[in-house]
Amino acid sequence: MDNYVPGKGPIGAKLLVVGDSPTSQDVKNKKPFTGSDGIEFSRLCRDIGVNDGNFWKTYVVKEPVRANAPGMKIPFKTRCEMDGIDIAE
């Protein structure tokens, strides 16, 4: 499970952020929301005056799922199946 990215955040967090699946940067860091999505999330939190460190951050699927190709709109569930991931598990 080299690509597994566990959830992370403070114990007792009252706020939860859930993404669909980790990016390659998240896999490298073994932390959720550390790639471009995390930079954008942190910026949005700053804009509304919230510390993004107060959130528990995780993903629906803990391993990367292929992205949509440009111009494609393949549903997330289908992309998971294409990568051999059963999201019902």
Side-chain angles (χ1 to χ4, degrees):
M1 293 182 110
D2 290 335
N3 292 333
Y4 184 86
V5 178
K8 187 164 177 75
I11 300 299
K14 294 183 175 25
L15 301 168
L16 171 68
V17 175
V18 180
D20 56 9
S21 65
T23 65
S24 59
Q25 192 68 36
D26 300 325
V27 170
K28 180 181 174 185
N29 295 326
K30 296 295 183 203
K31 288 174 52 177
F33 294 91
T34 59
S36 59
D37 58 346
I39 293 168
E40 180 65 12
F41 177 70
S42 294
R43 186 190 65 76
L44 290 170
C45 286
R46 276 193 311 277
D47 287 352
I48 63 170
V50 175
N51 180 350
D52 69 335
N54 293 334
F55 293 84
W56 183 267
K57 300 171 190 170
T58 193
Y59 294 105
V60 172
V61 175
K62 306 292 194 245
E63 297 179 13
V65 174
R66 74 182 68 204
N68 271 315
M72 301 289 290
K73 298 284 186 190
I74 301 170
F76 181 69
K77 181 177 188 276
T78 302
R79 289 184 283 130
C80 286
E81 290 169 354
M82 292 165 68
D83 287 341
I85 298 170
D86 181 2
I87 62 174
E89 275 185 16

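What you see below is based on every heavy atom in this structure, not just the backbone, and it leaves out hydrogens, waters and symmetry mates. Because the structure is a prediction, the values reported are computed rather than measured.
- One hydrophobic cluster, built from ILVMFWY side chains closer than 4.5 Å, holds both Leu15 and Ile48.
- By the rule that hydrophobic residues join a cluster once side-chain heavy atoms approach within less than 4.5 Å of another member, Ile85 and Val18 end up as members of one cluster.
- When the salt bridge (charged side-chain N to carboxylate O under 4.0 Å, His left out) test is applied to Asp20, no partner is found at least two apart in sequence or on another chain.
- Under the 4.5 Å side-chain heavy-atom criterion for Ile, Leu, Val, Met, Phe, Trp and Tyr, Val50 and Val17 are members of the same hydrophobic cluster.
- Here the CD1 atom belonging to Ile87 is positioned 6.5 Å from the CZ atom belonging to Phe76, to the nearest 0.5 angstrom.
- Here the CZ-CG distance, from Arg46 to Asp52, works out to 8.0 Å after rounding to the nearest 0.5 Å.
- Not counting sequence neighbours, the partners of Asp47 by the salt bridge (charged side-chain N to carboxylate O under 4.0 Å, His left out) test are Arg43.
- Partners of Asp37 according to the salt bridge (charged side-chain N to carboxylate O under 4.0 Å, His left out) rule, which considers only residues two or more places apart in sequence or in another chain, do not exist here.
- With sequence neighbours left out, Lys8 forms a salt bridge (charged side-chain N to carboxylate O under 4.0 Å, His left out) with no residue at all.
- Using a distance-only test at 3.5 Å, with no hydrogens or angles considered, no donor-acceptor pair links the side chain of Tyr4 to the main chain of Lys30.
- Expressed to the nearest 0.5 Å, how far CZ of Phe33 lies from OG1 of Thr23 amounts to 9.5 Å.
- In this structure, CG in Asp86 is found 8.0 Å from NZ in Lys77, a value given to the nearest 0.5 Å.
- Annotation: side chain of Thr58 is not in contact with side chain of Pro32 (no heavy-atom distance under 4.5 Å).
- Considering all non-hydrogen atoms of both residues, Val27 and Asp2 come closest at CG1-O, 3.9 Å.
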Going by atom type alone, with no hydrogens or angles, which donor-acceptor pairs under 3.5 Å involve a side-chain atom of residues 64-74 and a protein atom two or more places apart or on another chain?
from: Arg66; atom 1: NE; to: Asp83; atom 2: OD1; distance (Å): 2.8
from: Arg66; atom 1: NH2; to: Met82; atom 2: O; distance (Å): 3.4
from: Arg66; atom 1: NH2; to: Asp83; atom 2: OD1; distance (Å): 2.7
from: Asn68; atom 1: OD1; to: Ile74; atom 2: N; distance (Å): 2.8
from: Asn68; atom 1: ND2; to: Ile74; atom 2: O; distance (Å): 3.4

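- A search for side-chain contact (heavy atoms from CB on, under 4.5 Å) contacts involving Thr34 returns Gln25, Asp26, Asn29, Lys31, not counting sequence neighbours.
- Ring geometry for Phe41 against Phe55 counts as perpendicular: the plane angle is over 60°, on a 0 to 90° scale with 30° as the lower cut.
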